[in-house]
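Everything on this sheet refers to the single structure shown next.
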Amino acid sequence: MPELPEVETIRRTLMRLIGLRKITNAAWTYEPILKTDSEKFKTVLIGQTFREFERRGKFLIFQLDTVSLVIHLRMEGKFFIKDPSCPLLKHEHVVFTLDNDSELRYHDTRKFGSMHLIESTCLHEVVRNTPISKLAKEPIDEGFSYKDILTPLQRRSSAIKTALLDQTVISGIGNIYADEICFLSALHPQTPCNRLTMEEIMRLSENSKIVLTKAIDLGGTTIRTYESVDGVHGRFQHELMVHGRKNQPCRICETTVKKIVINGRGTYFCEKCQPLKTIDVEKNMK
DNA sequence: CTTGCGACCTGTTGGC
DNA sequence: TGCCAACAGGTCGCAA
């Protein structure tokens, strides 16, 4: 469920709550989450201290003394800090006991999330040995501009929403923010990438930056099950213009917001504010 | 190389 | 009311 703003919020919260805490035990009840040899997972992590908390796209990177933990929350991954006396919930699959007698618990209803243990604290090494190496720039990266997405967009014929969700084109955007970015850019989410004008591509890149920045400021979006840590909700849901607003009036023009499916993802848009350019040169020539 | 789709899981929601 | 298909903030592997 979490996109870049939610993952960033989680990163900041965990840095505050468990920074410089030492792991005294590691345990799990569902092994497939661990993408590393499980015995190593336990023996290596015990005794190590959380030093740095990084994020790349939707990946979290925790750097400890001699290793790094690379975590992807996928659809439903969450963290909680709990007292060891709290009964373990059904979906709390991984538990790190900390040196202040509290537990960092990883909760994941759908079990899609992953944890990789990388035996290095060097970010270059970590990136090189994980799928992070395939990520494109983030809209909030220093110096990000339309030039970073120009070539991939011109090369594709797929819907712009599909390209916004492709982490090798631009990283950090997910289903909610893709809809919001298309709306702010006044572009129909099904517009083929290779039919965008230069000006439209500039609008998309600027709005990507604006939307993600504001969402981070508000601690992310809580519309279904997202919470940062310990049940803390985001506040960006109050700013949503189209996502999740099927059959409700557009906040700008009152036209009924439509829901369609693009590449298997629910997609919300206003057909008046985001008209699909009727394709043709031929039409104009008549 | 791009594109679309099923698979991975479980829980909730919406329509008949 | 009840049932079951569709859907939920993501990615990966595979076939065309």
Side-chain angles (χ1 to χ4, degrees), chain A residues 1-10 28-35 55-60 70-79 89-94 106-116 130-136 138 149 151-182 189-190 192-195 208 211-212 215-216 218-228 232-247 259-268:
Chain A
M1 73 174 77
E3 308 179 33
L4 188 153
E6 290 74 34
V7 179
E8 175 62 15
T9 303
I10 291 165
W28 49 88
T29 54
Y30 183 76
E31 202 164 294
I33 301 266
L34 311 181
K35 304 305 176 188
R55 180 193 54 71
R56 292 291 183 277
K58 302 173 192 173
F59 288 86
L60 285 166
V70 175
I71 297 171
H72 199 299
L73 307 169
R74 286 297 215 284
M75 295 290 266
E76 306 254 0
K78 297 175 194 55
F79 281 107
L89 298 180
K90 184 179 178 185
H91 298 296
E92 289 176 338
H93 303 303
V94 184
Y106 176 72
H107 184 287
D108 191 346
T109 308
R110 295 175 72 180
K111 304 174 173 169
F112 285 170
S114 64
M115 296 189 185
H116 285 252
T130 59
I132 295 174
S133 57
K134 300 193 184 69
L135 297 182
E138 301 176 5
I149 55 173
T151 311
L153 290 187
Q154 288 176 334
R155 225 186 309 128
R156 276 156 210 261
S157 57
S158 59
I160 51 176
K161 168 147 182 190
T162 303
L164 289 176
L165 292 176
D166 186 334
Q167 307 297 300
T168 68
V169 172
I170 184 169
S171 67
I173 297 169
N175 206 34
I176 297 176
Y177 299 114
D179 285 353
E180 296 299 303
I181 291 164
C182 288
Q190 244 160 9
C193 299
N194 56 10
R195 257 199 255 124
S208 298
V211 168
L212 295 195
I216 290 171
L218 294 179
T221 301
T222 297
I223 53 175
R224 230 174 69 81
T225 57
Y226 164 75
E227 43 200 272
S228 67
V232 175
H233 287 193
R235 299 180 305 283
F236 192 81
Q237 59 275 20
H238 306 300
E239 313 293 320
L240 295 175
M241 298 301 281
V242 285
H243 189 88
R245 303 194 64 249
K246 179 184 174 185
N247 292 339
K259 183 184 182 190
I260 58 174
V261 174
I262 296 180
N263 256 328
R265 312 304 302 278
T267 300
Y268 302 82

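Reminder, nothing fancy here: chain letters follow the sequence lines and each chain counts from 1. Worth knowing before you read on, the calculation uses all heavy atoms, side chains too, and leaves out hydrogens, waters and symmetry mates. Here the structure is a predicted model, which means the values were calculated and not measured.
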Rounding to an integer number of Å, can you tell me how far [X] [atom1] sits from [N] [atom2]?
{"X": "A/Ile262", "N": "B/dG4", "atom1": "CD1", "atom2": "C1'", "result": "13 Å"}
{"X": "A/Met75", "N": "C/dC12", "atom1": "CE", "atom2": "P", "result": "14 Å"}
{"X": "A/His93", "N": "B/dC9", "atom1": "NE2", "atom2": "P", "result": "11 Å"}
{"X": "A/Ile33", "N": "B/dT10", "atom1": "CD1", "atom2": "C1'", "result": "12 Å"}
{"X": "A/Leu212", "N": "C/dG9", "atom1": "CG", "atom2": "P", "result": "16 Å"}
{"X": "A/Ile10", "N": "C/dG10", "atom1": "CD1", "atom2": "C1'", "result": "14 Å"}

Span that lies between the [atom1] atom of [M] and that of [N], in whole angstrom:
{"N": "C/dC12", "M": "B/dG11", "atom1": "P", "value": "24 Å"}
{"N": "C/dA6", "M": "B/dG6", "atom1": "C1'", "value": "15 Å"}
{"N": "C/dG9", "M": "B/dG14", "atom1": "P", "value": "13 Å"}
{"N": "C/dT11", "M": "B/dT12", "atom1": "P", "value": "24 Å"}

Inset, instruction - With pairs defined as Watson-Crick or G-U wobble and both distances under 3.5 angstrom, please note down DNA chain B as a dot-bracket string, | for pairing with another strand. - result: .|||||||.|||||||
With sugar-phosphate meaning primed atoms plus P, OP1 and OP2, does [X] contact a base, only sugar-phosphate, or nothing at under 4.0 Å between heavy atoms?
{"X": "A/Pro32", "result": "nothing"}
{"X": "A/Glu6", "result": "base"}
{"X": "A/Lys259", "result": "sugar-phosphate"}
{"X": "A/Leu73", "result": "nothing"}

For the side chain of [X], counting heavy atoms from C-beta on, which of [options] is nearest?
{"X": "A/His72", "options": "B/dC5, C/dG10, C/dG9", "result": "C/dG10"}
{"X": "A/Asn263", "options": "B/dC1, B/dC5, B/dT3", "result": "B/dC5"}
{"X": "A/Lys58", "options": "C/dA8, B/dC5, C/dG10", "result": "C/dG10"}
{"X": "A/Lys111", "options": "C/dG9, B/dC9, B/dG4", "result": "B/dC9"}

[X] side-chain N/O to [N] phosphate OP1/OP2 under 4.0 Å:
{"X": "A/Ser158", "N": "B/dT3", "result": "yes"}
{"X": "A/Lys90", "N": "B/dG11", "result": "yes"}
{"X": "A/Ser157", "N": "B/dT3", "result": "yes"}
{"X": "A/Arg74", "N": "C/dG9", "result": "no"}
{"X": "A/Arg155", "N": "B/dT2", "result": "yes"}
{"X": "A/Gln167", "N": "C/dG10", "result": "no"}
{"X": "A/His91", "N": "B/dC9", "result": "no"}

Inset, instruction - Please figure out whether A/Tyr30 or A/Lys246 has its closest DNA chain B nucleotide nearer the 5' end. - result: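 Looking at the nearest nucleotide for each, A/Tyr30 comes out on the 5' side.
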Legend entry - Separation of A/His107 NE2 from A/Leu89 CG (nearest 0.5 Å):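 One gets 5.5 Å once the value is rounded to the nearest 0.5 Å.
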Inset, instruction - Step through the shown structure and confirm whether more than 12 heavy atoms of other residues, nucleotides or ligands are within 6.0 Å of NZ on A/Lys246. - result: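 Counting other residues, nucleotides and ligands, NZ of A/Lys246 stays at 12 neighbours or fewer.
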Inset, instruction - Would you please determine if the base of B/dC9 is stacked by A/Phe112, with stacking meaning a centroid separation under 5.5 angstrom and planes under 30 degrees? - result: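 Taking the rule of under 5.5 Å and under 30°, the ring of A/Phe112 does not stack on B/dC9.
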Legend entry - Pairing residues for A/Lys161 by the side-chain hydrogen bond (donor to acceptor under 3.5 Å, both in side chains) criterion, not counting sequence neighbours: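 In terms of side-chain hydrogen bond (donor to acceptor under 3.5 Å, both in side chains), with neighbours along the sequence ignored, A/Lys161 is linked to A/Asn175, A/Asp179, A/Thr267.
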